[in-house]
Amino acid sequence: MNTQLSLNAFLPLRRTAVLLLLVGSLALGSRAVSAAPTLTAAAHPSATAVQAAPEAAPIAPAVRARPAVTARKVDWSKTSLVVAGSLPIQDGGRVKPLSTFANFTLLRLNGKSTAKDQAGEKLDSMRWLLDTFVDPRRSGEYPIFQVQDSATVHAIGLEVDTKKKRDRWSFAELRPAVPKLFDLAHEYSQIEGKNRTTMQAQVVMLAEAVDIYLGLAGFLDFARMPIPLSEGGILAQEFGTARLNFSDLVRRGGDLSALRSRLEKSDDPLEREASRELTSVLRFAADLGRASLHVALQPPDAVLSAREAWHTPGELLSSAFDGMPATAAELAGLVALERLGASLGSDNTVDMAEAEAALVALDASTGPIAAARGETRRLDLEVTYYRLDLLMYALAAYILAFVLAAFSWLRPAAALLPRLTFGAATVGTLLMVVAITLRCIIRERPPVSTLYETLLFVTATGAIIGLSMELINRRRIALYATAALGMVGMFLSNGYETLDKRDTMPSLVAVLDTNFWLATHVTVITIGYAAGVFAALLGSVYIVVRLIRGRASAPEFFTSLGRMIYGTLAFGLVFSLVGTILGGIWANDSWGRFWGWDPKENGALLICISQVAILHARLGGILRELGIAAAACFAGTIVAFSWFGTNLLGVGLHSYGFTEGINSALWTYYGIQWSICALALVVGVREASMVKSQVSEPPATSARGRTTTPAT
Amino acid sequence: MNSIQRTVFAAAVVFGGFLSWSCGHDESPTFSEPLTVENFGTRFGVSTSERFGFSSAPGGASAAGAPAQGPTADAFLYDLPEGWVERAPTSMRLINLGHEDDPRVELTLVLLAGDGGGIGANVNRWRGQLGLAPLPEGEAEGLPTGTLLGETAVRFDASGAYSGMGSTAESDFRMVGLLAIDVAGSAFLKFTGPAALIATELASFEAFAASLRVKDPDAAPGSVGVPPAVSATAGDAASGAPVVEAPEALLPNSKDGLSWTPPSGWRQAPDRQMRSVTYLLGPQGEAECYVAVLGGDGGGLKSNLDRWRQQMGAGPLSSAELAGLERVPSLGGAAVLIDVPGAYRGMSGERVEDALMLGAVLSQTNGGSAERTVFVKLVGPTGTVEAERGAFRAFVQSLEGAQ
Amino acid sequence: MNPLRTIGTGLLRVFSSFRLSVTLLVFLGLLTWLGTLAQVDRGLYEVQKEYFESLFLVHRVGALGIPLPGGNLVLGLLAVNILVGGLWRMRGRKNVSGVIVVHVGILMLFAAGLVKLQASNDGHTTLYEGESKSYFQSYHELELALLRPLADGKIEERTVDGASLAHANPSHPAVVDGQGLPFRVEVTRYFENAGVMPKGPMFDAPTPVIDGVFARPKPREKLNEQNGAAVYVDVIAADGSVQNGLLWVYDAHPWTFDVAGERYALDLRRKRFPMPFRVSLERFRKEDHPRTGMPRWFSSDVTVDSGKSSRLVTIFMNEPLRQDGLVLYQASWGPSNARPGDPLFSSLAVVRNPSDQWPLWGCIVIAAGLLWHFGRKLIRHVSREVARP
């Protein structure tokens, strides 16, 4: 099952990626974001992404009661995978396809949305999830828990006795340490997030991951464990069998409480004993039901209720007992789940045909209910979106564009190269636009509503700005900048998704959940971010080229680049200023105050101030071309601070995002950008001393800075 | 002035005005003009303790077994009359005297934080112990008064068949006492015994009462009392009213004809229906212990224990298990203790995984048939409850019939 | 040369210069940035007052103190700069119509900010279902209220601003007088944040004990709304008799005293502002995202009774109620540790702000000006570039 995050696809591109080594700063940036703790010696981004989970022989636990798991003779059929992938599940407040759920859950546990089983075979998320549901013993052997810090492993009492550093563990290996893990995690979670050490944070994360896994592995327990009754007893007679299924209890639901009180009040001691048996049966069933609470695959049948929250098997039982019996369709779904769970035979192999039939039956029963509730309108589109994996192709296109741009820059005479570059960049941008549009349709929301989406949107908008600029002035500078921006932006998006480990289409908190303001304020401000970032990129190009070549080598180039920087800043100012004010108006409508000096608001204000200040400095002759380029670079760091830095402060009304790990990427960027600003100083000093040493200076050069007269 | 100067002047005026507008100068404060407004729940004449939340239901730690932080027997000075003997004070009775001639005679001093229900309730409680009918409403306030520990006290003097604390009634007893009752704290001096001996010793009693004084002049009953959390009004809740911190509480408590001593660290929670008292334990108040009293046998020992066990996801008790449960002395009889680990599912939907429940059921009997049944239940996360095992036992054992 | 004229021209040149603009903008940026970082450790309210609503401040870096102009000063000078340089000086120049429009828009925003700072009140009114109020109270500001119960059940109130009592101490009490009152009130102690405890026998009280209780000063909370102020007051009647009281923001009821046979009460409380209508909470509704604890939306059904008319209105998140110059917003709810089934209260933010809609108009004006100015330049630039071979 293809996923969005399969950077594995870049194996063939590894060769071309070597070129990226030449552009050190870009590589550093993406490395910092996408591979923070698993940093290896390799400096190129694709290599770190491709780095395989180390082939580690599973540590033989001290006592292994079960026989070793053998390779599976029959794998999940394609039908099973497809049907299961499109099953609707309600998670995180929205209904999504099970394939999305599988992807992001595995990402959360494993750090990547595909894994490798213990034999090194590739394991995609849907197969993993099905194995976890239906054959948890097998799934427990898969090394899918990413533990990055060996101190964590030691803390929970496990031995790391292989020579190679390993960072993936299976549940079976972790199991003996689970009680200690939960204890420690409970203790550490009392410490405030920012005060935790790496080890403590990792322990908490691992405990959460194990908890999620247990919820999935135990989901079908109710189907795997029969409920025995005493042979020939009153209850067995009532039910007509001595082995109860969970669904039998749900089916009888309502009469069970009546049955129990009848038995309780009876004079016959045998009947009273049966009532006690019934109570313990119900209690057992309730326990089983509790294990199924984490996966909501059953929509409430609309005929009975307009209830929002989907059911779990346990809830169906307690509702039935409380006088709200399950409808026929709900029962059919429950029975199908039971079949799925029961497809694990007593010989511990899964009857694939039976499992497939069960999945089909489940889809047939829950699908129509969900559709009738209107919750699956965009389900198929979402499955398609993730299957198409457009963003991966966009990244490929941008990398191609970047490589072509590099060649084109090295060989300016070749006329074909810039055209190909333009083509590649355009393809990449179009793919991004389509992807963003699909996301809008799927979530029925404007394009920007989470931090991840700002990354996508800024990259796409920046690319559009650059490509438009290129169309207008055909000087190739904008083109090269676009290729670079697109590539870096896509790497950052992927890296953010990996770090965040959560569904990138989440539900929003109440105050954010308003399409009008998301479409206006957020979109406009994000365009402002894009312009600010692009201007900084152009400014950096300006300074680096001027450092290497000197202005005299191509004055026209520098003049036009200077104009481009100015133009981008002006464009950015329009959007930043209007966007900031719109934000204030939104705040006024929500909370009653237009401006509260909240960190995010201050960040937006800083962007406006920086852009306004640069423009006024230009008008007043305080900053000339070089100064403007340097100021644009500095303004880029202000954009980065406003965009991500303010969220990291953890202060104020806007601290919605939890963006740990972004910090190092942010400071890397600051460092690079400030060094470039420092280089501008070097250029300025050098050229000033050059001017001094050339006594007779033609007026053109001394008035160089003034060729762009501040005609407003 | 020409246009330039006018502009400059205007700018200066604007600026100066802005400056002076934004920095106000300090004036001496005055009340504004009077304004008539509606009353949204303001009450006048409210006592200090009620204003700050230190009202009739006290809570907090006590001196059960631990070195007392409040008035103890040592805190009082008195002249011991002749023929009187000192007995060991109990958790309730700070002064416990007897007479060498008759062991049934008792002279006790009990302090309560709060008013124990008011004058009427306390007087009628004592009357009840003598088998007398309660006084009609308001009549208790008309009783003669005296002085106890420097405060005005109601004088009680009545005779009847005394059956305090569940013992069989003794006829021809007399009870004389002083009740100093105040919302901030009350003191009860009670002298009980066979009527003839009481009559003889009455003068000694009066002398004793007059001589009774507190060692620390500041520790008058009114200032001995301890606060629970301040309950914020809705208006302040939005801004987060903090919990009042207080020194460890000093005194035992009483309600519904029971009295007890809460262990150190147990914080009293607001009263709930069907419960005599509720305490919160643990650093975040994550565990809860309450006392409930039901008339008669309350449904039966086994059925109640089984119900509790069910809440923890455990099965019912067999009769062998029932017989094997631990008993501790309490309330003049024995309490049955259970402890059930499991996942707690409470009646109002609350859930605690990995919880521990400690329970006690005890009957207050009156000659064989249970007069009423007392339930004590403590449930919360295993770690918290485990740490309070000893305190729970002590708490259960501290239950006594109220004086 | 007329010296006044020279000075005038000089001042004009200074106030309209680009250098001043850039300098002020840099200072504003510096203040904004420092004021953002300061919020990590200190509360917003405190930082806002110090950095953004002041004329001067000293920013501390370790032991070093850097004097800086405050937000009010910088913004004030910037307003003058825009007025003189951005508007007045621009007249008669070519191609500046867009710029002038933008500057007018910015001045509109400044004006809105000034009005909000000086002439607005904001606060909240928090109600449980079934409760009603006709006032709202400030989140931060305090007042000392003198109450007198009237025969018809109403209350006669006089208030004095809490800030004017903040410097009270035993040697220099704040003496508050009122017209026609047979006593004066002296505030002898003022604590920004305090708890109130009963005096037990085992320890000494750092402050006077009144009626068995005393105020224990505590360090300032970072979130200003959590600071609970307390004051000691002496009521000195005309005949010289003194009554002592302890008041606390979180006390459940005011302190009652009698003077000359009349009953009065003093209350230290958050400043109250009357509303010209009465708001009753009929129903508070809240829905979470299914199977999560995240709130999806919440709203209050309120009855707004202005005496003449009464209507039922629903106030949603992002959809406030505007009436009689006040705006009521569904701001939040609580208590935050409520369990299912516990009663909840709804917190409605209330704002009286004459300049409420000015930023919207300012935004439109600014957007129009920017688009006009830069749009024209862009078109010129594009046509020039396209014409290039």
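Per chain, numbering begins at 1; letters A, B, ... match sequence-line order.
No side-chain donor-acceptor contact under 3.5 Å links A:Arg563 and A:Asn473.
The environment of C:Phe27 atom CZ is sparse: at most 12 non-hydrogen atoms of other residues, nucleotides or ligands sit within 6.0 angstrom.
Of the residues considered (A:Gly603, A:Gly592, A:Cys608, A:Ser560), A:Gly592 shows the highest number of contacts with chain C, using heavy-atom pairs under 4.5 Å. The candidate from A:Asp589, A:Ile638, A:Ile609 with the greatest count of non-hydrogen atom pairs under 4.5 Å with chain C is A:Asp589. Contact count against chain C (heavy-atom pairs under 4.5 Å) is highest for A:Val574 among A:Val612, A:Asp91, A:Val574. Of the residues considered (A:Ile581, A:Leu582, A:Leu605), A:Ile581 shows the highest number of contacts with chain C, using heavy-atom pairs under 4.5 Å.
A:Phe641 touches chain C through its side chain: at least one heavy atom from C-beta onward sits under 4.5 Å away, while N, CA, C and O do not. Contacts between A:Ile585 and chain C at a heavy-atom distance below 4.5 Å involve the side chain alone, from C-beta outward. Contacts of A:Leu615 with chain C are made by side-chain atoms alone, with heavy-atom separations under 4.5 Å and no backbone atom involved.
Stacking of C:Arg352 on the aromatic ring of C:Phe273 is not recorded, the 6.0 Å distance cut-off and the 45° axial limit not both being met.
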Intermediate values then yes/no, side chain to side chain contact (heavy atoms under 4.5 Å, CB included), A:Asn588 and C:Asp356: CA-CA 8 Å; A:Asn588 197 32; C:Asp356 184 44; 2.7 Å; yes

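Legend: ring pair (Phe, Tyr, Trp, His ring centres under 6.0 Å) pairs involving residues 597-621 of chain A, not counting sequence neighbours, sorted by first then second residue: A:Trp595-A:Trp597, A:Trp597-C:Phe52. The side chain to side chain donor-acceptor pair (under 3.5 Å) contacts involving residues 16-28 of chain C comprise C:Ser16-C:Arg89, C:Ser21-C:Asn81, where partners must be two or more places apart or lie in separate chains.
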